[in-house]
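As structure tokens, the structure follows; a few thoughts come after it.
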Number of protein chains: 2
Amino acid sequence: MTKPKSWTLKSIAAELGVSNATVSNAFNRPDQLSKARREAILKACEQRGYFGPNKAAQSLRKGTSNIVALVLADSVEYMVSDPVASSFMRGVSSVLEANNINLLLFSGNNDHLNNVVDFVDGFICYGRPRNQGLVEQLKTITKQVVTVDFDIGRNTSVNIDNEQASYDIAMHALRSPQDHVAILGLRLLDEERLCRVQAQPNFDTSQSIAHQRLRGYQRALEAQGITLADDQIWNVPESSERYAPRLAKEVLDSVPRPEVLLCMSDLIALAALREAAARGIHVPEQLRIVGFDGIDEGQRCVPTLSTIHQNSEEKGRLAANLFVQKERQKALIAYQVQLGESS
Amino acid sequence: MTKPKSWTLKSIAAELGVSNATVSNAFNRPDQLSKARREAILKACEQRGYFGPNKAAQSLRKGTSNIVALVLADSVEYMVSDPVASSFMRGVSSVLEANNINLLLFSGNNDHLNNVVDFVDGFICYGRPRNQGLVEQLKTITKQVVTVDFDIGRNTSVNIDNEQASYDIAMHALRSPQDHVAILGLRLLDEERLCRVQAQPNFDTSQSIAHQRLRGYQRALEAQGITLADDQIWNVPESSERYAPRLAKEVLDSVPRPEVLLCMSDLIALAALREAAARGIHVPEQLRIVGFDGIDEGQRCVPTLSTIHQNSEEKGRLAANLFVQKERQKALIAYQVQLGESS
DNA sequence: CTGTTAGCGCATTCAT
DNA sequence: ATGAATGCGCTAACAG
């Protein structure tokens, strides 16, 4: 039996009677030594169970690790069950895996990038992190950063035109100036609860996709000559089972009952669809509903959902490719209006 | 304006006119210096934008990183969309996040642990990695390893009794010795395709959960005096949209058409449910179907699915807790027989 | 083509 | 309570 030994570059070099630089070169710079020598060394290493330079040391020395952090908007726990985020992660991971880059999942609830920044080559950020402190750090960090669905003044990002998309889909749902409309917003406020929102002039309109979408809806309302009731902008902090069904109930309880629901996510729209079915409200005859995202389930349900399809997987691939290629550009990618039976 | 400087422990120590050991202690070992001194140092660091020791260097020096690799059975791309795997990841990440440990996602298709082993404190492995080479490495690696849904002869693992669970649920679906039965297997073979499986005596029965489940089904068949047709054990490599619907079609095309489908995953069972509906086959009158896993969708569909509920999130939490606590035990956790309308 | 040297940034003795 | 020295494992210059 071979005694289990923990080899290092140095101990291997000593064992083989060559300098450590030569062993290092055998692994990292094939051109720096003869082919025969190189192969002999690699073979000897394999026999002894030395599988190459310690990556942690290599990382300290070279400053790169082949690891990228995927910074999520929310906790890993939440994001991993969100169909839109999952699609995005699929896209990212397919590109990274093809490039032999490893993926570190990083919660948007963390206080600091500190615990990981020295381990990774950079950051792909999906959605504005819930913890605003992270955003500030991302702005100034010296490593590569690609932001998706938000911007931080750096020049590599991937977005869609949320305002125009929202305008487009809303225009398909609105019919007459007398329509009673409700807007079911997602993260319009930082509040951790379901609530109504007063449209304030000082809404920070540039930042979040929620406000971009709100602007799109509002433009469509104007275009149709519709006045939105004061109390018909709603907010939930996430599209979860926890909030979406309750939101649907409250909105459908409001008087006069809205005839059109503009929903900032498909999951919210689906919850509304289910609540309507439970109450025997006919969609789209008595209630028109539009969503946002284009998740699969929206096309499997009855009636099918009218929505904006944003190809999240493609977004992920693009973000990862920008990262890998070190390209610096603000990419704006296309969306599709997907008309279903719900409007 | 402050000039952007990249501080190190050493440069900070020089700036403050103390030794680097003192700065190090200020961050890592509060008991090694006076409270006043410590606070003065920390404050000075914060003012200058030094947020603590470089983690990569720290990791090299201490040998720990606060990162754990989650080794998946398949590609990240696939696992992230699988509802069972997602639940598991939720459980794992909730515990890790609470313990301030970061999560590295690692594909089961990778050839080596090498690229990450030096960066992480250990491995949580969810399902036997598709690449068998990884399994061999996991067996001998010196870092901590927790395996879930498989075993590698190490003494920390989390499993359920797949054989007994399969027996239990099959017993609920089987009615008479004349029942025509089909088994819809998942990863019974390493083949990357949909195919029939000949029950071979030399099946590697101990290893995979697929074979444990098969044994459970077979025991139930015996108990009911049912003979399974030679050609009614099927296999697919994954529970995806790509394979499950095709499997359902082929099975329902086979003659004589089975009256009972024992499915090794809920996604497969759901595909069968849909295909049956499309053909106007009544469930459970003309066709009984049971699944395995207990995903949410199985309780939302019509008819609801009879299945084995394994709380995957709980599995994840347990695995992560075993990891964090460094406990060494082979845990066997409970499952629930969940009777729905499909059997 | 090969070997020697000097750090990467830090934590830990062991002195004082 | 604090400081000087050593090395974690490796790679990039440079010298030969």
Side-chain angles (χ1 to χ4, degrees), chain A residues 5-42 44-45 48-67 114-121 142-143, chain B residues 5-42 44-45 48-67 114-121 142-143:
Chain A
K5 161 145 181 149
S6 215
W7 292 104
T8 70
L9 187 58
K10 196 155 73 172
S11 70
I12 275 281
E15 166 100 2
L16 303 186
V18 300
S19 90
N20 29 8
T22 302
V23 179
S24 173
N25 286 333
F27 280 99
N28 302 317
R29 309 176 56 174
D31 53 312
Q32 296 295 303
L33 70 178
S34 70
K35 188 165 182 181
R37 202 137 172 51
R38 176 175 134 89
E39 284 173 356
I41 290 178
L42 292 183
C45 287
R48 288 166 176 75
Y50 177 73
F51 298 111
N54 179 299
K55 301 288 180 183
Q58 214 166 28
S59 158
L60 179 61
R61 182 60 230 241
K62 303 215 277 197
T64 67
S65 62
N66 260 15
I67 300 177
N114 259 285
N115 289 329
V116 300
V117 63
D118 298 319
F119 288 118
V120 303
D121 295 338
T142 59
K143 301 200 172 186
Chain B
K5 159 146 184 152
S6 214
W7 293 104
T8 70
L9 187 57
K10 196 157 67 173
S11 69
I12 275 283
E15 166 99 2
L16 303 187
V18 300
S19 89
N20 28 11
T22 303
V23 179
S24 173
N25 285 333
F27 281 98
N28 302 318
R29 308 174 56 174
D31 53 311
Q32 296 295 301
L33 69 178
S34 72
K35 190 166 181 182
R37 203 135 173 52
R38 176 177 134 90
E39 284 173 356
I41 290 178
L42 292 182
C45 287
R48 289 166 176 74
Y50 176 74
F51 297 111
N54 179 299
K55 301 289 180 183
Q58 216 167 24
S59 157
L60 179 61
R61 181 60 230 246
K62 303 215 276 198
T64 67
S65 62
N66 259 17
I67 301 177
N114 260 284
N115 289 328
V116 300
V117 64
D118 299 319
F119 288 117
V120 303
D121 294 339
T142 58
K143 301 202 172 185

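What you see below is based on every heavy atom in this structure, not just the backbone, and it leaves out hydrogens, waters and symmetry mates. Since we're looking at a predicted model, the values are computed, not measured. In what follows, chains carry the letters A, B, and so on, assigned in the order in which the sequence lines appear, proteins first and then strands, with residues in each chain numbered from 1.
One interatomic measurement links the two molecules: CG of B:Asp118 to C1' of D:dC8, which rounds to 12 Å at whole-angstrom precision. Going from atom CG of A:Asp31 over to atom C1' of C:dT2 covers 14 Å, rounded to whole Å. Rounded to an integer number of Å, the gap from NZ of A:Lys35 to C1' of C:dC1 is 17 Å. In this structure, B:Arg38 atom CZ and D:dT2 atom C1' are separated by 16 Å, rounded to whole Å. Going from atom CZ of B:Phe27 over to atom C1' of C:dG9 covers 13 Å, rounded to whole Å. What separates CZ of A:Phe119 from P of C:dC8 is a distance of 19 Å, to the nearest Å. With rounding to whole Å, A:Arg37 atom CZ is found 7 Å from C:dT2 atom C1'.
Between the NZ atom in B:Lys143 and the OG1 atom in B:Thr64 there is a gap of 9.0 Å [rounded to 0.5 Å]. How far OG of B:Ser59 is from CG of A:Leu60: 9.0 Å, rounded to the nearest 0.5 Å.
With contacts defined as side-chain heavy-atom distances shorter than 4.5 Å, the pair A:Asn115/B:Lys55 qualifies. Within the 4.5 Å cutoff, no side-chain heavy atoms of B:Ile67 are placed close to those of A:Ile67. Side chains of A:Val18 and A:Arg37 form a contact here, defined as non-hydrogen atoms less than 4.5 Å apart.
Taking only side-chain nitrogens and oxygens, B:Thr22 never comes nearer than 4.0 Å to OP1 or OP2 of D:dT2.
In this structure, A:Ala56 and A:Asn54 approach most closely via the heavy-atom pair N-OD1, 2.8 Å.
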Side-chain donor-acceptor distances from residues 22-32 of chain B under 3.5 Å, at least two apart:
| unit_1 | atom_1 | unit_2 | atom_2 | d |
| --- | --- | --- | --- | --- |
| B:Thr22 | OG1 | B:Ser19 | OG | 3.3 |
| B:Ser24 | OG | B:Asn28 | ND2 | 3.4 |
| B:Asn25 | ND2 | B:Ala21 | O | 3.3 |
| B:Asn28 | ND2 | B:Ser24 | O | 3.3 |

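Formation of a donor-acceptor pair under 3.5 Å by the A:Arg48 side chain with backbone atoms of A:Ala44 is found in this model. Remark: side-chain polar atoms of A:Ser65 are paired, donor with acceptor, to backbone N or O of A:Phe119 under 3.5 angstrom.
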Output a table of nitrogen or oxygen pairs between the protein and nucleotides 10-12 of chain C separated by less than 3.5 Å.
| unit_1 | atom_1 | unit_2 | atom_2 | d |
| --- | --- | --- | --- | --- |
| C:dC10 | OP1 | B:Tyr50 | OH | 2.9 |
| C:dC10 | OP1 | B:Asn54 | N | 2.6 |
| C:dC10 | OP2 | B:Leu9 | N | 2.2 |
| C:dA11 | OP1 | B:Asn28 | ND2 | 2.7 |
| C:dA11 | OP1 | B:Gln58 | NE2 | 2.5 |
| C:dA11 | OP2 | B:Ser24 | OG | 2.8 |
| C:dA11 | OP2 | B:Asn28 | ND2 | 3.4 |
| C:dA11 | N3 | B:Arg61 | NH1 | 2.2 |

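Comparing the end axes of the helix from C:dC1-D:dG16 to C:dT16-D:dA1, each fitted to five base pairs by superposing C1' atoms of four pairs onto the next four, gives an inter-axis angle of 40° (nearest 10 degrees).
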